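Before any comments, here is the structure.
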Amino acid sequence: MDDPATPGPVRVRFAPAPTGSLHVGSARTALFNWLFARHHGGVFVLRIEDTDAARSRPEWIEGIQESLRWLGLDWDEGPYLQGERLDRYAAAAERLLASGRAYECFCTPEEVQARNEAARDAHRTPGYDGRCRDLTPARREVLAAEGRPRSLRFRTPDHGTSRFTDLVRGEVAVEWSTVADFVIRRSDGSPVFFLANAVDDSEMGITHVIRGEDLLDSTHRVLALRDALGDGPPPRYAHLPLMVGSDRAKLSKRHGAVALEDFRAGGYLPEAMLNYLALQGWAPDDDREVMAAGEIAAAFDLDRVTHSAAAFDHAKLEWMNGEWIRRLPPDDLLARLEPRARERYGDGVDAELLRDVVRIGQERASTLAALVEQADFLFEPDEAFEVAADSWSRLASTERASEVLDAVAGHLAGCEWTAEGVDLRPVLAELGVKPRKALPAVYAAVEGRHAGLPLFDSIVLLGRDRTLGRLADARARLET
RNA sequence: GCCCCCAUCGUCUAGCGGCCCAGGACGCCGCCCUUUCAAGGCGGUAACGGGGAUUCGAAUUCCCCUGGGGGCACCA
């Protein structure tokens, strides 16, 4: 996107508050910034907005970075911590106070909140009522002498219109008369988002601000602040459509996993996650869907960002993940499975056996977690083996179940121990039962579930003794 | 209550005045393949919220309505 108004290299930033793990919505925002930077050969800055001491936690700073790294979103500068730049915000606040663009406010948060609620109850518009806006110096002294807390509030313009051109939405305008004065420095002296954000975007030379639509309205306030600060031409803004749940409400825990970490733990590949997230609010100009990060970056353009909220579709993500699993070189898949297998079965995991699982299971897997679970019957000690309840009822209700198990055991006791040798179809044919009817019972007895890894390969991997043992157990249980 | 944004299949989306009685993908349904379940192949179901206006012509432009979402913190 060539933009004469902002010459020079593109500089974008991702600026999360360290108040929790990285949400998929935030990850999508980070991704779009990264894509934009990479597409233009620009700079991607990571900035931590930790000005809210009450909610920010240092451990989240690391957690967020880890999630970004996992996704593959490498940043070129930072992380800058706003907590380490307080002097700059303090200086800016003083300038605003000196120029009269901001004023000291002696209202407590509780008082402001109470008045807002009263306004709401009376169906009046909430927002700071301007009580301290034009205090006389004498009055200010009295209030200060009372020991009342003193915050700094920005005086928004009394009239006129604020407008800016959003790169995805076009011109956005709002009447200043509808925008209340807002706090830029807390009574404890710490800066509030608007101030720190305006100062940093300016000082860091940010050329494009790409963020969620929930920040659309706040842009006018930040723009006014910059203007009051005499900051020069502002960055271009691009507000991304929100990501919502299946009910179109803001994406939250009750819609299932929302933290990037949850998806990682659930066995989703970062390639799939990135690919899926890129398609939430953006699409290439052709029909490609399964795309690698570099491919997406090459095709990425803010012009093609959607305007309306996107509902998170777990089913499509799962499909996408399967696509990526199937594309992985087997050794790569194995490497990703190993830590997961060790965590589940202990350090003694048989690497060769796991390699076999990859061989027979890669093409059918949807997540790493599901693939490992399908191999439970191989890795768990025999004492821990048990047939899932629903699979057992499937087995028990199978026609001529006892005969089937007997015949299968009979065959496996003497056959050659290869995938061809353990092929059960001839046995079932002799019995006169269809594989479709009888096999789920064998699956249940041997794998503990009626659906899973390919049966004959599984039997070969399990070994003759263990297989026969499980068939015998199932047979015995059938008698009781 | 006030302000802002948005509106194509169930979902993600293509479409930027005629190529569209609307294309792709996920899901769903059916068939094929088959070692259950998957995966794979083939086919099918399914949408321009409503009303005006502009135009020879509107999913595409404008207005109104309706609907959805966001914001209105000493959160970001």
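Throughout, protein chains are lettered first and strands after them, A, B, ... in sequence-line order, and every chain is numbered starting at 1. Treat the numbers as computed from the prediction; the structure is a model and nothing was measured.
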With side-chain contact (heavy atoms from CB on, under 4.5 Å) as the criterion, how do A/L424 and A/L412 come out once you've worked through the C-alpha distance, each side chain's angles and the decisive distance to 0.1 Å? CA-CA 9 Å; A/L424 300 173; A/L412 293 179; 4.0 Å; yes
Which is true for A/L453 with a 4.0 Å heavy-atom rule: it touches a base, it touches only sugar-phosphate, or it touches nothing? base
Taking the same atom, P, in B/rG43 and in B/rC26, what whole-Å distance lies between them? 13 Å
Under 4.0 angstrom, heavy atoms only, what part of the nucleic acid is A/G212 near: base, sugar-phosphate, or nothing? nothing
Interatomic distance at P, B/rA59 relative to B/rA53, whole Å: 15 Å
CA sep, side-chain torsions, deciding dist, call: A/F182, A/F194, ring-ring contact (aromatic ring centres under 6.0 Å, His included): CA-CA 9 Å; A/F182 55 96; A/F194 298 101; 4.8 Å; yes
With a 4.0 Å cutoff (strictly under), does any side-chain N or O of A/R304 reach OP1 or OP2 of B/rG15? yes
Distance in angstrom units between A/H159 NE2 and B/rC3 P, rounded: 19 Å
Does any non-hydrogen side-chain atom of A/D181 lie less than 4.5 Å from one of A/T156? yes
Just compare B/rA14, B/rU36, B/rA38 and give me whichever is closest to any side-chain atom of A/A283. B/rA14
Expressed as a whole number of angstroms, how long is the span from A/R124:CZ to B/rC3:P? 16 Å
Could you tell me how far apart A/R163 (CZ) and B/rC4 (P) are, to the nearest whole angstrom? 11 Å
For atom P, what is the distance between B/rC64 and B/rC6, given to the nearest Å? 14 Å
Rounding to a whole Å, what distance do you find between A/L317:CG and B/rA25:P? 19 Å
Base-pairing mate for B/rU60 - Watson-Crick or G-U, with both contacts under 3.5 Å: none
Nearest listed nucleotide, side chain of A/E289, among B/rA25, B/rU11, B/rG40: B/rA25
Hey, what's the ring geometry for A/F312 with A/Y276, parallel, tilted or perpendicular (30° and 60° as the breaks)? perpendicular
Can you tell me the base-pairing partner of B/rC2? Count Watson-Crick or G-U wobble geometry only, both distances below 3.5 Å, and say none if there is no partner. B/rG71
How would you label the contact of A/R288 with the nucleic acid (heavy atoms, under 4.0 Å): base, sugar-phosphate, or nothing? nothing
Value in whole Å for how far the P atom of B/rA39 lies from CZ of A/R327: 15 Å
Which whole-number value in Å describes the distance from A/R211 CZ to B/rC5 P? 15 Å
Looking at the side chain of A/R436, which of B/rG24, B/rG27, B/rU36 is the nearest nucleotide? B/rU36
How do A/W282 and A/D423 order along RNA chain B: which one's closest nucleotide is nearer the 5' end? A/W282
Test: A/R28 cationic atom under 6.0 Å from A/F32 six-membered ring centre, within 45° of axis: yes
Pick base, sugar-phosphate or nothing for A/H450, based on heavy-atom distances below 4.0 Å to the nucleic acid. base
Is the backbone N or O of A/E203 less than 3.5 Å from a side-chain atom of A/R88, with the two atoms forming a donor-acceptor pair by type? no
Using modelled atom types only, decide if a donor and an acceptor are shared between the side chain of A/D50 and the backbone of A/R57 within a distance under 3.5 Å. no
What I want to check is whether an N or O donor and acceptor connect the side chain of A/R364 with the base of B/rU36 at under 3.5 Å. yes
Answer with base, sugar-phosphate or nothing: what part of the nucleic acid does A/Q280 contact at a heavy-atom distance below 4.0 Å? sugar-phosphate
Whole Å only: how far is the CD atom of A/E323 from the P atom of B/rA38? 16 Å
Report which part of the nucleic acid A/A441 touches: base, sugar-phosphate, or nothing (heavy-atom distance under 4.0 Å, all strands). nothing
Going 5' to 3' through nucleotides 70-76 of chain B, assign each nucleotide B (protein heavy atom under 4.0 Å from a base atom), S (under 4.0 Å only from sugar-phosphate atoms) or - (no protein heavy atom that close). BSBSBBB
If pairing requires Watson-Crick or G-U wobble contacts with both distances under 3.5 Å, which nucleotide is the partner of B/rA22? none
Is it true that A/D188 and A/R186 have a side-chain N and a carboxylate O under 4.0 angstrom from each other? no
CG/A/L229 to CG/A/L195 distance, rounded to the nearest 0.5 angstrom? 7.0 Å
